[in-house]
Structures are given as structure tokens and as C-alpha cells.
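Just so we're clear, the structure is a prediction, and the values are computed from it rather than from any experiment. Below, chains carry the letters A, B, ... as their sequence lines are ordered, and counting in each starts from 1. The figures that follow rest on heavy atoms only: side chains count, while hydrogens, waters and symmetry mates do not.
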2 protein chains.
Amino acid sequence: MSERFPLYLVLAAKLERLVVTLAPNSLLPTEQQMAKRYGVSRVTVRSALDLLERNGLVTRLRGRGTTVSPRKITRHFSPLHSFEKDLASQGVAFETQIMSYDPVAAPSDSIRERLCLAERETVGCLSLVRLVEDRIVCHDLRHYPPKIARQLDPTLIERRDASDILESLAGAPVADVDWESEIVSASGDVAMALQIAPRTLVLANTYTWRLENGTPVEAGTISYRNDRCKFRYELRFNPDLDGGLADSGSGPTRMPGKRTVKRRERS
Amino acid sequence: MSERFPLYLVLAAKLERLVVTLAPNSLLPTEQQMAKRYGVSRVTVRSALDLLERNGLVTRLRGRGTTVSPRKITRHFSPLHSFEKDLASQGVAFETQIMSYDPVAAPSDSIRERLCLAERETVGCLSLVRLVEDRIVCHDLRHYPPKIARQLDPTLIERRDASDILESLAGAPVADVDWESEIVSASGDVAMALQIAPRTLVLANTYTWRLENGTPVEAGTISYRNDRCKFRYELRFNPDLDGGLADSGSGPTRMPGKRTVKRRERS
DNA sequence: TAGTGGTCTAGACCACAAA
DNA sequence: TTGTGGTCTAGACCACTAT
């Protein structure tokens, strides 16, 4: 039965059973030792560990070894909270590290549009990472319109809630948030900030904050490591309000009546 | 500059530039040919193609070769629509294939609780996949309380919107949806249904549908392939309503003042 | 300096799709 | 039957961590 499975999957299952019994940050045997112990090549061991690493079960570091990862943190996106308030409400300690701040950066077209800026205007560009138990979990790339950018002291953000600082600078409460979430391939910059390989999939949240009068005061993207974070979107809704699920209309797009099972795409 | 990058990443970038210029379903050179053409081993070619495959750019099939993938479909989760209505509104054709239906299955504890069932009651258990352009994009595992399970004709679901069928069986409109989204490792069953390797990360939506009087009429989990689907959650909200972003309180959890950059976790 | 994981190689066998 | 991608091996060199 289990003979039909590739070695690296069988090994991954064995290693997972081992890993879940160990304390976080425990050091696992070296890849060489595993290869010898399980009677497979080191490449096969690595294939198995790759899977566990992508799933956030183990952390590998060249020169040190492979360790059992701490549990993933959970990021609750609804009701919508800032990162700071979400983790604080769970009692999870975190740290913020500013990577760079450029008060007069040239904005991308997307940022310029979202901040409603003129052709030549610059933005404040803040790059930071959040760490839980000394492990990077997400990267923020935040952009501010010129008026706010000039006043901003980026080091404050390492110690205070970013939205609070923004509100004191803007002199009015943040009244509205546009917000959009997508799983994408990490760009080179984001991958470097998150210390993951380029093209790793991350969860990217793109947002714009506005004051009550509609003035945008911040726009940015927050990228989360899938191997260190879980995500929750909880919605409870009444379909009568927007006609979401109820009423059928003419039904879904009809398909030609192919009822036979298609060719398999994969073994 | 680019000499510092591993070969497989450089190659992945080259292949991506090639792939994006080709029509969907174009056949790429074989791994052997690429290895020869780019002067690397086949293992290195495979490392690069693994990345592109996980990102949904190429599809590989043993015996056939490597082809350029069609574009990802986009699943809009807010405002909340059924799969059928979401894709129909985008003009994207899809097909539904029932994999199995057991009208008297034993429910898991989670399902029994969500459907408010007694200890010994059974459920209707429906397993299906959705295909776009003959490619599986998601898998539904749906559970119905006994009264509805007895009446349900699963083959209808291949041709009609599932929520419409449910409403006609229940005799009342679906009035409320509990809904939760999470990125998880695919279990063996789900991986097999989606034709992906076990432990591949998928987006799993867990939901419960209820009538106006609170009676649950369906509970289940829908798992989406990350390499074939993009996802959108769009929210626009007023923080005054739930105190989400506004008002600071006592601030976030304070961290001990470590200001130095931590040891790198990865090169 | 010793030992780790990260990368890369050449070669092999297999299951599967297509002709 | 041919050729594909999927898996696996043994061996090598390198960059990095820890000592």
C-alpha cells in the first residue's frame, strides 16, 4: 500500500511524526545522519525537508542545522485590525524593525494614484519587518504623501502603533480603509526582506488609508510569510443585502455535457 | 552582480521571460534539451521548473512534456458570491464533476457540531471538483443534514447552482453564511482530488449555510489550488463601527528595546 | 577550523502519454 | 515503442555558523 508512494513523501511523513513530538527550536539530526539512518540519499532527505520547511514545520540554517519551528502565528483579517492590535489582543509579543526610510522617494504609478498625487510629487517610503520570537513574519512597504512624510519620525513606529502615529500627524482619525488580499510570488526586494527565496508565494495585502474627508494618508503593501503565518477571514453575511447567494437568475454558465472523467493531469 | 545568484534562480528568470512570450498550452523544450541548451544539469533545470510550476506559469505532465499554463482564474471572496455566480459574472466557463456522494456518511465531530446533529445522525457527503479549461481549480467537500441528504440528487449540482438546489430542498432562502479562510497543507484526500502532491499549500474555505431561522443546511470546505487561482478579498470599512483601527488604548505589546539587527536566519 | 545546509553534477531507472 | 517527466543515487564544492 504505502510502497506506491515516493520515498521522499514516506520520509516526510516519518519526519513529521518525529517533529511534532519535539519542542520548538529542538535541533534535528543532520541531513547526512538522516540519509544514513533511513537508508536514502541526502537528496531524498532534502526533498522531504523541503516539504516540511514550506509547511512551516522546520527551519533550516546553513552552518547551524535544522530545527523544529515554533507554531505559526495567526493573523485575523476580519474584523479588520492593525497588525499591532491583532497580535496584542492575542497576547503575542512582537518586534518591529525599520529597514529604511526615504522621505522623498519617487512613487510608482500605483502609489501615486492611490495617494492622489501630482506628477512630480514625492512620497515618504518606509520599509519595515515584524518579528515574533526573533523570526521575521511579515514585511511592510508603506508610502506617505509629502506633507506627512516630512513630519514622520520613522523610529517611532518601532514602538508605537503605526495608525496612531498617522492620526496624530494627520490631525484627524483614519476613517476609511481600502483593502485587498492576494497570494502572489514574492518580488526580489520582498523576498530579501522576508529572507525567503525569490518566487516563494506570500500573502500580500494592499491597502489605502483615508481620513473622513477622503484624503488618502497612507498606501502600501504588507507581505506575510506563508510558512510562519496562518490567516483568518471570518465573514458572516446576509445575502439579502447584496444579492450574493440568493436568487438564481439564469443559472451559471452552462457547459457542454461532458460527463466522462477527463484524462488525468498528473499521476 | 547576477553571478551571486544560484544557477536555478537565474535559469528560472530566463525561462519565465521565455514563457510569458508564448501562447497558453505551448509546449516547451524537454528538460534534457534545456539542460543542454543552458549548459546545466537536468536537476538544475528541474529546480527552476519547480518554481515556475508552483507559481502557476507552467504545467508538467509525465509522458507529454512541459506546457505554458493558462492564466490563473481570480476568485472574488468579497462581496461574497458562490463559485458559480462569481465565475459567471466574469464570463469564465467552468465545469463541475461529482466525484462521490454518500447519502448516509458518518460525520466528523466538526461537521456534526456545525450542522447541529445528534450523536448517531448521518450526513450526506458530496465530493466534487470544478474545472476551468479542463483543469481542476478547486475541490468541494459538502455535508448536508439527513433530511436534505435524502432528497438530494447530486447529479443536479453538475448543472445548477448548488445554493439554488439547496434552497428549493430546504423550502426557504439561505439567509446566513459563516465563512472562514485559511492557507493550509492539503490532506491526502484533498491532494488526490486536486491532483497535487500531498502537503502542497492550498487555500481552504470552511463555511456553514443557515436558513433565516438559524437552521444549518450545509457545511463544508472548499480547497483551491494556489497555482491556478488568485484570490481577492476587498474590504472597505469604517473603523468607528467596530473600533478596528482607531483609538489607541494603551498601545501594542511593548518589546524589550533590542534595536540591533538580529542574526540573519538565511543567506 | 569543523561541520552544517545550499547548490550542482552525471547517471540511472521508472511510470506514463502519445504515436 | 519512444520519449517524457518523476524519482533516486553518490559524490562534489561552496557559504555560512559555531567554536
To the nearest Å, give me how far apart [atom1] ([X]) and [atom2] ([N]) are.
{"X": "A/Gln32", "N": "D/dA10", "atom1": "CD", "atom2": "P", "result": "11 Å"}
{"X": "B/Gln33", "N": "D/dT4", "atom1": "CD", "atom2": "C1'", "result": "11 Å"}
{"X": "A/Leu28", "N": "C/dG5", "atom1": "CG", "atom2": "C1'", "result": "13 Å"}
{"X": "B/Asp50", "N": "D/dC8", "atom1": "CG", "atom2": "P", "result": "14 Å"}
{"X": "A/Leu7", "N": "D/dA10", "atom1": "CG", "atom2": "P", "result": "12 Å"}
{"X": "B/Met34", "N": "D/dT4", "atom1": "CE", "atom2": "P", "result": "11 Å"}
{"X": "B/Glu31", "N": "C/dA10", "atom1": "CD", "atom2": "P", "result": "15 Å"}
{"X": "B/Leu61", "N": "D/dG3", "atom1": "CG", "atom2": "P", "result": "18 Å"}

Side-chain N or O of [X] versus OP1/OP2 of [N]: is the shortest distance under 4.0 Å?
{"X": "A/Ser47", "N": "D/dC8", "result": "no"}
{"X": "A/Thr66", "N": "C/dG5", "result": "yes"}
{"X": "B/Arg60", "N": "D/dT4", "result": "no"}
{"X": "B/Tyr8", "N": "C/dT7", "result": "yes"}

For the side chain of [X], starting at C-beta, report the closest nucleotide among [options].
{"X": "B/Arg46", "options": "C/dC8, D/dC8, D/dG5", "result": "D/dG5"}
{"X": "B/Val40", "options": "D/dC8, C/dT9, D/dG5", "result": "C/dT9"}
{"X": "A/Arg64", "options": "D/dT17, C/dA10, D/dG6", "result": "D/dT17"}

* Do A/Arg37 and A/Pro29 have side chains that get closer than 4.5 Å, going by heavy atoms? ->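 The answer is yes; the side chains approach within 4.5 Å.
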
* Asked: Are any non-hydrogen side-chain atoms of B/Phe77 and B/Leu203 less than 4.5 angstrom apart?
  ->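 SC-SC contact between B/Phe77 and B/Leu203 confirmed.
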
* N/O donor-acceptor pair under 3.5 Å between A/Glu31 side chain and A/Leu49 backbone ->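 Here the side-chain-to-backbone pair does not exist.
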
* Do B/Thr67 and B/Thr59 have a side chain donor and acceptor closer than 3.5 Å? ->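 Result is no, nothing qualifies.
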
* Asked: Between the side chains of A/Tyr233 and A/Ser181, does any donor sit under 3.5 Å from an acceptor?
  ->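 Their side chains do contain a donor-acceptor pair, which is all the 3.5 Å distance test asks for.
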
Please list each protein N or O that sits under 3.5 Å from an N or O in nucleotides 11-14 of chain D, with the distance.
unit_1, atom_1, unit_2, atom_2, d
D/dA12, N6, A/Arg42, NH1, 3.3

* Are the charged groups of B/Glu84 and B/Arg130 less than 4.0 angstrom apart, N to O? ->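 Looking at B/Glu84 and B/Arg130, the cut-off is met.
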
* To do: Using the closest heavy atom to pick a nucleotide of DNA chain D for each, name whichever of A/Val45 or A/Gly63 lands nearer the 5' end.
  =>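 Final value for this comparison: A/Val45.
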
* Please step through side chain to side chain donor-acceptor pair (under 3.5 Å) for the pair B/Ser41 and B/Thr44, ending with a clear verdict. => CA-CA 5 Å; B/Ser41 74; B/Thr44 302; 3.3 Å; yes

